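Heads up, the thing below is written out as structure tokens.
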Amino acid sequence: MFGIDRSLYGPKVERPLVERLKSIEAKWREKWASARLFEADPSDKPKFFVTFPYPYVNAYPHLGSAFTILRVDVTARYKRMRGYNVLFAQGWHATGGPIVSAALRVREGDPKVLRDLKLMGVKDVDGFENPEHWVTFFKEGWKRDLQLFGMSIDWRREFFTTYLNPPYSKFIEWQYYKLREKGLVAIGEHPVVWCPREQKVVGDHDRPDEYAGIGPSEATVIKFYSEDGLVFPALTYRPETIFGATNIWVNPQAIYVIARVGEERWVIGEYGFRELVDQGVPLSAEGKVSGRELLGKRVRNPADGRPLPLLPAAFVEPDVGTGVVMSVPAHAPYDYVALKDLKEACSGPYCEEVKRIEPIVIISSPSFKGIPAQEACEQKGVRSQLDKEALDEATKLVYAEEFYKGQMLVEPWAGVPVKEAKEEIAQWLASKGAALQVHTLPQRVYCRCGARTHVKKVKDQWFLLYSSPEWKRLALEALKSMKVWPEEARREMIRIAEWFRDWAFTHKGELGTRLPWSPEWVIESLSDSTVYMAYYTIAKYLQHPEKYGIRPEQLVPELFDYVFLGQGSAEEVERLTGIKKELVEEMRREFLYWYPVDLRISGKDLMYNHLVFFVFHHVALFPRELWPRGISVNGWINVGGEKMSKSKGNFILLRQAIDWWGADATRWAEIMAGADSTLDDPNFDPATADAAVRELSGWLDFVAENYGKGREERMKVDDWFESVLNEKILRVTQLMEETMYKSALMEGYYDLQSKFKWYLRRAGSPHREVLKRFIEVQTLLMAPFAPHVAEEAWEIMGKQGFISVASWPEADKSKIREELHRAEEIVRRVLEDAREVLRLVRTAKKLRVTVAAPWKYELCKAIAEELPAGQAEAIRRAIKRVSGVEPRQVAQAAQRVAASPEILQLLVPRDLEHQALKEAEEFLSRELGLQVTVELEEESSSPKRGAALPAKPALYAE
RNA sequence: GCGGGGGUGCCCGAGCCUGGUCAAAGGGGUCGGGCUGAGGACCCGAUGGCGUAGGCCUGCGUGGGUUCAAAUCCCACCCCCCGCACCA
């Protein structure tokens, strides 16, 4: 039903197992809800406030969005088990254009939007022509899916954005009044992509996909005056090449507009005319002229006064730029080829002159020796001036090379890097009145309505002044002092913050909150989602008038001033709003209890805007102690090694995954995909989800069968396993603290399980208390990841209460004994080595294991101690320290230690090694299928006994 | 171009910060064995090359370097991904 290729990405696991997990999930979901387990109110416990950027509700969550919020849930659950009062609330984002645009498309019957809706499982598109319907439909969908996923959210604090939810808009209004008071907003000009037919700004969602992401770029219009008083405005991205201009190109087929500006009369393409008018150049059309009529006219180069002829070129498109092109054949492949073509097939009266034109090289760069444009054309195999593809490549090549590595050759800029000269020359021309800075689109962009767009300068655009040094300084201070995982993300965000320019934060015709002092503008989506975490802390009061009786019109700025900033008094607020002073105070207390945000977990894509906005706005509005404390960033999930995409068929909705594998197995597989805090992209493997289904139901069976069972008498391996168990707790706890969730699951589950398996093999059967402790610890460690299964296991064990709020296991450090781990490793290696030996000596019936003589331990200990001096020196010194043994023997042994230096890491007291091996005799015999005896070198008659080294006993198969 | 991330064995993927227990965890796949009426489920073993004694050779993008010792540290280079905004 979702159009997904199940054979490739679907589940391959037994249905009954999944059904069993799902019914367990339903059971605990209900129990949590009826116990209101995740509803968090201020208490005397320490608090932890973790947040997930609220999602844009124009679709259901998929595995990618689920991944990030899962990390939030794991954090919340872990922190609860650590004794924190955790606030995890969730809102929905509806601000902006995409929903409005999608609704419009539904009204128009756009098949693509309808198909996408169908892919979501929407059967009836009735109502989707209305933006509001999208919001309510998908926020309900999100909520349902997140509930099914086991998110431990306090739903009383749910809300959504835009004027459709007045209390939230009141909050945003307050925020912007504050920013204005602080002088952080200003009005100014701003270039936008404009649709002349619909008279509106064209965002990415308002255009066909192939035009997405193309925005206004800066260009220079250079004015060339002709002898008969006309102005030819040539638009260029490379004003510095003016010194290499040899002529002007016009298209002889095209019709140009003659337009008056003050005293001047310009010759310009129709498109450029409109674009410049919309950018404030006061052109008024007076007439038309064909390109052909202009040929042969002469203009003056404003930079050096040289006369330049107007020549014809077919590549010049009248509806790109101004339709007038400055020709620089040495540095522009198009110009170079057009000139060459013209020389070969010239027929006009200006032919003599054309033949005399030679490219003028004015920039030097490492890659080009002669004429750059010529070399680039040859390199790219350009055939003619209409060979667009090759020419574009050649142009790109020359441009990049010269921009980044080129130097000017012309005085007074000789030697200046092009990067700098470009700007200076443009300014110099402008100061002479010979040029102006404009914006244009680097290629044709069409609006969804079909009309060609151009760049318009909006005059009364509102800006957030992110370039303000003081604001920036505070934001950087916050970024530098907060916790950020991974560290690379901090560096990246600091760089982004430094580079931030002013931000146009108001739009028209979108969903959102109206700018209170200029309501024709709506606050844009990134700008209304910067400090809303503060809103969570009191959302339960504001979003539930039936309970608290607070109406939107009572939410005046003074209320927020008091609640968030402590300004004014509760009495004053009561007088202004009629909201009871006690309630106002309660809100203030609640805010102060929860704030600041302890951790914000987000996909790495938001580093480039939202997360930095989040920091900027907090430092602008709140005192230092309320600034955010942490950010953890993760990559975007891949499925089957590739980015999720609808066309590849690997696009998996969360609801679909839950249907296939259940919530816990999906969570498990997502964590295993790579939930550590890194900038890498995690990879979701459906096979892992299948395996998780088996793993989790297997665990429940295991708990049911084994909890409370086991042998009574104590063995040495029991101590080893207890040590492992306690060490794991320490390790996993540390990883959890660092939001390294994949590593935590790998160590805390898979690693521990394989250690447990080894323990079972070693011990034959587990000790009752050790087994009990193992089952408890294992279940607790997996609880943040697979909470439903963990609850079920907890219940099977007969524990009271929810594991979701049980205590995270505490490591008993006294039981961690490093030497036991080494001794066990020695046993493991003996088994491994024995296998290798027995592979080669197939006829063996017995195996003797000989533990090295005491002096060899002395020797190794000495070497280990002397090692800082370098290995060779350490051995020399160590040999001297061993006495009472034939020196030649000592030297030989030392030589062999040098050949296997790893034994130095495994060194344990001889007694312990002997004891461990002695106890493992039976185990080794069982594993190897022959009789194994362990003996001491001095008592041994094994022909191999001399080869024994500490941590590496001699083996003799006979 | 700038900024960020990455390149590990048939595949996926740990390790790299803090060099030695690393021929390199764990999965998957493949091969062999066990359990079974049977199993895609579970358990055990093998899975770079050579080797009738635990060894040797080759090896973590490429080329150098530091070190007694490098997947790990340093330098250079090659390749892949992402961002460079006014958009969620």
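Remember, it's a predicted structure, so these values are computed and weren't measured experimentally. So you know, we letter chains A, B, ... as the sequences are listed, proteins then strands, and number each from 1.
Contacts of A:F505 with the nucleic acid, taken as non-hydrogen atoms under 4.0 Å apart, are absent. Among the atoms of the strands shown, none is found under 4.0 Å from any heavy atom of A:G635. Using a 4.0 Å heavy-atom cutoff across all strands shown, A:E510 reaches sugar-phosphate atoms only and no base atom. Nucleic acid contact for A:A951: none, since no nucleic acid atom lies under 4.0 Å from a heavy atom of the residue. Among the atoms of the strands shown, base atoms are found under 4.0 Å from some heavy atom of A:P953. Counting any heavy atom pair closer than 4.0 Å across all strands shown, A:A954 reaches a base atom. If you check every strand for non-hydrogen atoms under 4.0 Å, A:S754 touches nothing. Backbone-only contact: A:E488 has heavy atoms under 4.0 Å from sugar-phosphate atoms and none from a base.
For A:N609, the side-chain atoms get nearest to B:rA88 when compared with the rest of B:rA53, B:rG51, B:rA88. You'll find that the side chain of A:Y608 is closest to B:rG3, out of B:rC86, B:rG3, B:rC44. The side chain of A:H507 approaches B:rA88 more closely than any other nucleotide in the set B:rG54, B:rA88, B:rA14. The A:E836 side chain lies nearest to B:rG51 when the options are B:rG51, B:rC87, B:rA53. Picking from B:rG4, B:rA88, B:rC86 the nucleotide with the shortest atom distance to the side chain of A:A504 gives B:rC86. Closest approach to the A:R495 side chain among B:rA88, B:rG20, B:rG3 is made by B:rG3 (side chain taken as heavy atoms from C-beta onward).
A donor-acceptor contact under 3.5 angstrom links the side chains of A:Q461 and A:T506, judged on distance only. Between the side chains of A:E510 and A:H507, at least one donor N or O lies within less than 3.5 Å of an accepting N or O. With no hydrogens or angles considered, no side-chain donor-acceptor pair links A:S525 and A:T95 at under 3.5 Å. Between the side chains of A:E524 and A:S527, a donor-acceptor pair is found at a separation under 3.5 Å. Counted by atom type alone, A:T513 and A:D528 present zero donor-acceptor pairs between their side chains at under 3.5 Å.
For the pair A:K757 and B:rC43, the criterion of a side-chain N or O lying under 4.0 Å from OP1 or OP2 is met. For A:K508 and B:rC86, the shortest distance from a side-chain N or O to OP1 or OP2 is not below 4.0 Å. Residue A:K419 places none of its side-chain N or O atoms closer than 4.0 Å to OP1 or OP2 of B:rG1.
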What does the list of N/O pairs under 3.5 Å between the protein and nucleotides 38-40 of chain B look like, with a distance for each?
none

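Look at the C1' atom in both B:rA14 and B:rG27: the space between them is 11 Å, to the nearest Å. When the C1' atom is compared between B:rA41 and B:rU47, the two are found 23 Å apart, to the nearest whole Å. The gap from the P atom of B:rU62 to that of B:rC79 amounts to 15 Å, rounded to the nearest Å. Distance check on atom C1': B:rG1 versus B:rG13 gives 33 Å, rounded to whole Å. Here, B:rC2 and B:rC57 have their P atoms 43 Å apart, quoted to the whole Å. Across B:rC87 and B:rG19, the matching P atoms stand 49 Å from one another, rounded to whole Å. Rounded to whole Å, the C1' atom of B:rC22 lies 11 Å from the corresponding atom of B:rA70. Taking the C1' atoms as reference points, B:rA71 lies 12 Å from B:rG7, given to the whole Å.
Look at CG on A:L847: it is 11 Å from C1' on B:rG54, rounded to the nearest Å. Atoms CD (A:E825) and C1' (B:rA25) sit 12 Å apart, rounded to a whole Å. Per the geometry, CH2 belonging to A:W521 stands 15 Å off P belonging to B:rC86, to the nearest Å. Counting to the nearest Å, the P atom of B:rA46 and the CG atom of A:L928 are 11 Å from each other. Protein atom CG of A:D751 is 13 Å distant from nucleotide atom C1' of B:rG27, rounded to whole Å. If you measure from atom CE of A:M493 to atom P of B:rG5, you get 13 Å, rounded to the nearest angstrom. Atom CD1 in A:I903 sits about 13 Å away from atom C1' in B:rG54, given to the nearest Å. Protein atom CG of A:D605 is 14 Å distant from nucleotide atom P of B:rA88, rounded to whole Å.
At a threshold of 4.0 Å, the pair A:D116-A:R105 does not count as salt-bridged, since none of the basic side-chain nitrogens sits closer than that to a carboxylate oxygen. A salt bridge between A:R822 and A:E819 is absent, with no side-chain N of the basic residue lying under 4.0 Å from a carboxylate O of the acidic one. We find that A:R731 and A:E727 are not joined by a salt bridge, their nearest charged nitrogen and carboxylate oxygen being 4.0 Å or further apart. We find that A:E958 and A:K845 are not joined by a salt bridge, their nearest charged nitrogen and carboxylate oxygen being 4.0 Å or further apart. Between A:K422 and A:E240, at least one side-chain N (NZ, or NE/NH1/NH2) sits under 4.0 Å from a carboxylate O, which counts as a salt bridge. Using a 4.0 Å cut-off between a side-chain N of Lys or Arg and a carboxylate O of Asp or Glu, A:K728 and A:E747 qualify as a salt bridge. Salt bridge A:K604/A:E492: absent, no basic N to carboxylate O contact under 4.0 Å. Checked for salt-bridge contact, A:R490 and A:E487 meet the test: a charged N lies under 4.0 Å from a carboxylate O.
Only one option out of A:Y176, A:F616, A:W462 pairs with A:F505 in a ring pair (Phe, Tyr, Trp, His ring centres under 6.0 Å); it is A:Y176.
Inter-residue side-chain proximity for A:L606 and A:V612 is flagged as unmet; no heavy-atom pair is nearer than 4.5 Å.
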Subject >> Pair assignment for RNA chain B - dot-bracket with | for other-strand partners, Watson-Crick or G-U under 3.5 Å >> reply: ((((((((.[[[..)....(.....]]]((((((.......))))))(((....)))...[[[[[..)....]]]]])))))))....
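When the nearest nucleotides of RNA chain B are assigned to A:K742 and A:T688 by heavy-atom distance, the more 5′-ward of the two goes with A:K742. If A:E832 and A:K604 are placed on RNA chain B by their nearest nucleotide, the residue sitting closer to the 5' end is A:E832.
Scanning residues 496-503 of chain A for heavy-atom distances under 4.0 Å to RNA chain B yields A:W499, A:F500, A:R501, A:D502, A:W503.
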